[in-house]
Amino acid sequence: MIGVGTRVAVVDDVPDYAETAAGIAEEAGLTPTIIEPTHGSFSVPNDLLEQIRTTRSSAVICDHRLSDRGFASFTGAEFVSALYQERIPAVLLSTFSSIDDDTSIRLHRVHIPSLVDRSFLDPEIVIGGLERCDSELSGIIAPDRKSWRTLVRIEGVSQESSTAVADAIIHTWNPVSAVRFPLELIEDRAIRENLCDRDTWPVRLFARVNVGCHNGSELYFQDFESAPEPCMDYLAS
Amino acid sequence: MIDGGPGDTLLNFLSHRGIRRIDSVLVSHADADHFGGISLLLSDPRYRVGHVYLNPDSRRTVLWDDFVSVMRAAQQRGTRFSLELSSGNPGQLSVGASRLEVLAPSQQFAVRTTSGQTPGGQRLTPNAMSAVVRVWTGDSPRLLIAGDIDKVGLDQLVAHAEDARAEVLVFPHHGGLPRRADPRDFAESLMRLVGAHLVVFSIGRARYRTPDPNIVSAILDAVPDVHIACTQLSRHCASERPQERSSLHAGISRGAEARACCAGTMEVTLEPENGYWPTRQAHLDFIRLNAPTALCRRSRVPTTGST
Ligand SMILES: [Zn+2]
């Protein structure tokens, strides 16, 4: 439960930003502790997690870009995802750059219920974000976070800041707006290699996607499988 | 099941009601705003879907191919498909004590010529080919679901169907402008044909400017005491959304979370009693509070001498 006095750890590599976030958390009635690297930078999420455990915090506010200044060698998204799997509620702060949304954040979006644009951060949003994550961890999934098996039409693959990405249309979500995601989300290596090698498009796959969400940045993908070729001849029975 | 828009509203509704088996699915025409939800249903192995009837999209768009791929996967799990939905096939379907009757397209109209035109030389679009389905309870024509039928389709319906009367009409094309036809004429002839006392517009607040004010006004002229219900709150009727979520939308209604609903999900009961929910009074109360410029409450111009 998130409430007055809940201890919350603030993870941000920019001291000023960390102070701001901690101030907002305090205004929200929470008890914040700013996490600072003790020696060098955090090289694996577990090291940071251990550091947070020493503060006895039961929730976390975490910046996405942790590696720009050598604070950690992983992203905030990866860390928030690790926290989720440890059942610790967290809010991920980003600057809403679409590149982050489509690549490093999308990669872990399934485990990130609360993503907040840091420029909109206020006490109500901090509490709301932590509660949203907490309630998902307790099994209450918000309508926009439920995933469904759906067809995903891949229109092509490319590189975006050294990440292989796919552009896709999910007609059960929005038939006209393309969504970008990292190819790494496709676990099946054969499917991935087939996508990288081909020059004819589209390719159709099935995946589980939260098609009840409104904004493309909220979409997450998991469990990719091949889908049948769209050949009508087989349908008529 | 007849049509299902994109998003997960349909599946949420089914799971809310504990429905896992659907005997027959009719897809009125090949537009994603009508097959998106059906596509999600057919992709979910937890649901057993018996038979799907539809008219294929002769344009072979990538969107249609998406749906074909989904249908093939469902076929492998045992769902059967009929690539014709017309007054000839399946024509009629029994569902419990109710009966579905496909009024349009006629079988003759459903048979495309190679030029993509009707035998009469008119250009075929999915909307012209849209199915119109009537639901009967015993001897009462309860509900008419008109897909996205346009003027070409309506003319065909007038020419071929003996009558198309129904107590409730789900208005075609979400109350948007019928292609190359006067909206008033279109609405008038449809209302003359159907004569419904409840007209439902399935609309989204965020998209398009539906329903068209001329259509609403023509309906009010044709059947003055008609109850008009839009699923979501049109921007024509209210520039602001309600402050709070209304109790009118307690079940599964698309847009309820975003406070975008007007009537929300309209539930028309077929048996044992003929009613619908939300009731006219509950809906009017909501409109009075939240829709200051409601199209359906157009104040009539007083005629001289009247009291
Ligand atoms: Zn439509």
Side-chain angles (χ1 to χ4, degrees), chain A residues 128 132 135 140-156 167-179 200-216 218-237, chain B residues 4-12 15-16 31-47 51-52 54 56-58 60-84 204 206-207 252-258 260:
Chain A
R132 179 174 157 94
S135 117
I140 303 162
I141 319 285
D144 53 358
R145 289 280 297 166
K146 264 191 231 168
S147 71
W148 309 88
R149 189 170 182 265
T150 180
L151 191 99
V152 174
R153 186 206 318 145
I154 315 279
E155 294 282 8
D167 289 311
I169 297 275
I170 305 126
H171 71 273
T172 55
W173 175 67
N174 180 335
V176 291
S177 139
V179 183
T200 53
W201 301 97
V203 173
R204 290 179 171 86
L205 303 172
F206 279 111
R208 292 191 66 85
V209 182
N210 55 329
V211 299
C213 74
H214 300 282
N215 199 314
E218 297 171 73
L219 288 167
Y220 67 80
F221 298 79
Q222 55 185 166
D223 303 339
F224 279 93
E225 309 160 59
S226 308
E229 287 293 327
C231 182
M232 286 274 279
D233 302 345
Y234 296 96
L235 269 183
S237 41
Chain B
D8 57 358
T9 313
L10 180 64
L11 289 197
N12 279 320
S15 103
H16 185 67
D31 270 345
D33 63 327
H34 294 253
F35 70 65
I38 305 294
S39 173
L40 211 57
L41 170 75
L42 292 175
S43 301
D44 195 327
R46 292 173 302 175
Y47 291 92
H51 205 132
V52 180
L54 72 167
D57 189 344
S58 54
R60 286 302 299 270
T61 61
V62 278
L63 265 176
W64 179 250
D65 276 354
D66 287 353
F67 193 42
V68 172
S69 176
V70 166
M71 289 192 281
R72 278 198 66 198
Q75 188 182 40
Q76 287 159 12
R77 289 195 308 275
T79 300
R80 282 165 304 140
F81 291 87
S82 288
L83 301 181
E84 182 184 334
R207 290 190 190 190
I252 303 289
S253 283
R254 186 170 173 87
E257 302 283 330

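Every chain is numbered from 1 and lettered A, B, ... according to where its sequence line falls, protein lines coming before strand lines.
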(message) So which residue, B:Ser43, B:Pro45, B:Ala258, ends up with the most heavy-atom pairs under 4.5 Å with chain A?
(response)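 Most heavy-atom pairs under 4.5 Å with chain A: B:Ser43.
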(message) Looking at every non-hydrogen atom in both residues, tell me the closest pair between A:His171 and B:Ser39 and how far apart they are.
(response) NE2-OG, 2.8 Å
Please report the interatomic distance [atom1]([X]) to [atom2]([Y]), rounded to the nearest 0.5 Å.
X	Y	atom1	atom2	answer
A:His214	B:Glu257	NE2	CD	7.5 Å
A:Asp233	B:Leu83	CG	CG	10.0 Å
B:Asn12	A:Trp148	CG	CH2	4.5 Å
A:Thr172	B:Leu10	OG1	CG	12.0 Å

(request) May I ask you to say whether A:Arg204 pairs ionically with B:Asp66, meaning some side-chain N is under 4.0 Å from a carboxylate O? (result)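 The answer is yes: the pair qualifies as a salt bridge.
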(message) Please check this pair: side chain of B:Arg72 against backbone of A:Pro230, looking for a donor-acceptor N/O pair closer than 3.5 Å.
(response)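 No; judged by distance alone, with no hydrogens or angles, the pair does not exist.
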(message) Using only atom types and a distance under 3.5 Å, with no angle test, would you say the side chain of B:Ser69 pairs donor to acceptor with the backbone of A:Pro228?
(response) yes
Part of [X] within contact of chain A (heavy atom distance under 4.5 Å):
X	result
B:Arg46	side chain
B:Val52	neither
B:Ala73	both

